[in-house]
Amino acid sequence: MKILVVGGGGREHAIIKKIKENKSVTEIFALPGNGGIASDATCVGIGVKEIDKIVDFAVENKIDYAIVSQDDPLVLGAVDALNAKGIACFGPDKKAAIIEGSKVFSKNLMKKYGIPTAEYMAFTDKDSALKYLDTCKIPVVVKADGLALGKGVIIAETVEQAKDAVISMMEDKVFGESGSNVVIEEFLTGPEVSVLAFTDGKTVVPMVSSMDHKRAKDFDKGLNTGGMGTVAPNPCYTAEVALRAEKEIFIPTINAMVSEGRPFKGCLYFGLMITKEGPKVIEYNCRFGDPETQVVLPLLKTDLFTVMQATTHGTLDKINVEFSTDSACCVILASNGYPEKYQTGYEIKIDSDFNGEIFVAGAKLDNGVLKTSGGRVVGVTAVDKNLETAIEKAYKLTDKVNFENKYKRNDIGKKALSIKENLK
Ligand code: AMP
Ligand code: GLY
């Protein structure tokens with residue numbers, strides 16, 4: 001089968017490496033892919049938002065199955081456009097992808113169906129939002145409605161800061177149309193857990209839990225990034241929490257989407273906070289998380305391509321999806337300065353005795369030489385019997401991949417380890 005993957009980050013590299021294990025997968029194209037993905041797939045320079053070109057490419061190349069794994073093309077309706085040409089896809093259609101594409105939609109959905117989340121108000125008008133802020137408890141969270149590269153969430157410590165955030169989103173349009181509407185919500189506290197789940201619209205199969213590290217600097221300091229590292233499983237996600245999350249959040253969400261005439265097929269990402277009252281939804285994403293995928297998929301024992309096809313064909317209840325009981329740690333090697341200004345174009349050297357998984361995100365091939373081209377350059381993942389040793393192994397791997405300007409956090413997994421200690 002000829003497969004098309006729409007995306008070009010570390011997450012897509014992890015997906016591609018995993019689907020290659022299926023014998024029926026004979027050829028993989030990545031649009032646009034990247035310099036590292038080029039070792040595992042044929043990369044073609046078509047951007048993820050160029051829906052017409054993606055569809056033309058898929059038709060011309062007789063693609064059998066497409067995997068759309070990035071938020072923008074999903075929200076823009078890439079799956080609908082491919083389906084219209086008879087190409088089966090992994091990923092939600094436009095109607096279902098709105099669960100990530102609009103925070104106002106997702107908050108209203110949760111309110112309507114009683115799914116636990118932070119209290120909130122949604123605004124289409126700046127003056128009402130500013131007036132409401134005078135009545136809010138501090139800290140307060142201001143969120144742009146639409147996609148904003150993970151930067152559309154401001155945790156304001158003062159009313160002034162919150163008002164500035166509203167003005168920059170609604171008046172100065174720093175996130176373009178994504179900030180035309182805003183959500184103002186209650187600040188929740190507690191550890192965070194990412195749970196990715198396969199769903200065919202009827203059955204929901206949660207994958208092993210994970211913990212992202214979103215801030216740029218050690219001990220959760222510095223700016224928010226796309227994610228600087230992950231561990232799986234997440235020790236906060238105890239069997240008791242998992243049971244509640246499934247009953248109070250996962251199943252009600254899948255059913256709510258059906259009731260709204262928007263059945264969700266693909267991977268639904270639940271960003272949860274474990275509060276004193278129990279798990280609550282911080283955000284939904286309509287896709288695999290990045291870099292959560294880089295620790296979750298290495299632990300998947302069942303064939304990924306088979307599971308993906310079952311989500312498309314509505315047969316997820318017929319298969320048994322199994323995960324290893326090992327642990328995994330992924331450390332992102334970034335360009336120093338990310339997520340602000342940074343230099344790229346440096347050769348990436350990988351030692352010949354590198355013995356883990358490497359997922360390439362921001363790199364290009366320059367005359368056959370792999371060079372840095374982005375903020376997050378590669379993720380290295382180690383799998384081992386327990387969290388401690390997986391973290392240790394992952395950090396050893398980071399020394400075996402080198403480029404000028406290399407930057408990493410040095411505390412990936414530390415918080416998870418201390419939570420694990422406290423649970424004993
Ligand atoms: P999001 O892009 O919605 O995942 O938000 C980014 C980060 O902001 C989350 O991972 C949380 O750490 C934090 N955050 C978002 N909403 C809230 C909230 N209501 N209370 C506390 N922290 C939040
Ligand atoms: N790691 C967070 C995300 O994929 O949105």
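Whatever order the structure lists them in is the order used to number ligands and atoms, beginning at 1. Hydrogens, waters and symmetry mates are skipped; everything else that's a heavy atom, side chains included, is used. The shown structure was predicted, so the numbers you read here are calculated from the model rather than taken from an experiment.
The single protein non-hydrogen atom nearest to atom 19 (N) of ligand 1 is Glu185 OE2, 2.7 Å, given as residue, atom name and distance. Protein heavy atom in closest approach to atom 11 (C) of ligand 1: Glu192 OE2, 3.2 Å. Looking only at heavy atoms of the protein, atom 17 (C) of ligand 1 is closest to Ile282 CD1, 3.7 Å. The protein heavy atom nearest to atom 8 (O) of ligand 1 is Val153 CG1, 3.7 Å.
A salt bridge between Asp384 and Lys393 is present, with a side-chain N of the basic residue lying under 4.0 Å from a carboxylate O of the acidic one.
Closest approach of Ser335 and Thr344 over heavy atoms only: OG-CG2, 4.2 Å. Listed here is the closest heavy atom pair of Ser373 and Ala363: OG-N, 3.1 Å. Smallest separation of non-hydrogen atoms from Arg409 and Ala216: CG-O, 3.3 Å. Of all non-hydrogen atoms in Met207 and Cys267, the two that sit nearest each other are CE-SG, 3.8 Å. Listed here is the closest heavy atom pair of Ile155 and Gln161: O-OE1, 4.0 Å. Looking at every heavy atom in both residues, Val241 comes nearest to Cys236 through CG2-O, 3.8 Å.
At least one side-chain heavy atom of Val5 sits less than 4.5 Å from a side-chain heavy atom of Ser69.
Close contacts between ligand 2 and Gly289 involve ligand atoms 4 (O) [criterion: under 4.0 Å to a heavy atom]. Each of the atoms 1 (N), 2 (C) of ligand 2 lies under 4.0 Å from some heavy atom of Asp212. When each atom of ligand 2 is checked for a heavy atom of Gly226 under 4.0 Å away, the hits are 1 (N). Those atoms of ligand 2 with a heavy atom of Asn285 less than 4.0 angstrom away are 3 (C), 5 (O). Applying the 4.0 Å criterion to heavy atoms of Tyr269 picks out, from ligand 2, the atoms 2 (C). Heavy-atom contacts of Glu292 reach the following atoms of ligand 2: 1 (N), 2 (C), 4 (O) (cutoff under 4.0 Å).
In this structure, Ser194 has no heavy atom closer than 4.0 Å to ligand 2. Taking 4.0 Å as the cut-off, Arg287 counts as a neighbour of ligand 2 on heavy-atom distance. Distances shorter than 4.0 angstrom do not occur between any heavy atom of Gly227 and any atom of ligand 2. Under the 4.0 angstrom criterion for non-hydrogen atoms, Phe288 is not in contact with ligand 2.
The shortest N/O to N/O separation between Leu188 and ligand 1 falls below 3.5 Å. No N or O atom of Glu283 sits closer than 3.5 Å to an N or O atom of ligand 2. The shortest N/O to N/O separation between Asn224 and ligand 1 does not fall below 3.5 Å.
With Phe250 as the fixed residue, the ring-ring contact (aromatic ring centres under 6.0 Å, His included) test singles out one of Phe270, Phe198, Phe264, Tyr269: Phe270.
In this structure, Tyr342 has its ring center at least 6.0 angstrom away from the ring center of Tyr407.
Contacts of Ile155 with ligand 1, taken as heavy-atom pairs under 4.0 Å, involve the side chain alone. The proximity of Lys214 to ligand 1, defined as any non-hydrogen pair under 4.0 Å, is limited to the side chain.
His13 places a side-chain N or O within donor-acceptor distance of the main-chain N or O of Val360, the cut-off being under 3.5 Å.
Between the choices Arg215, Met273, Lys143, Lys280, the shortest heavy-atom distance to atom 15 (C) of ligand 1 belongs to Lys143.
Relative to the ring axis of Tyr120, Lys111 places its NZ or CZ within 45° and under 6.0 Å from the centre.
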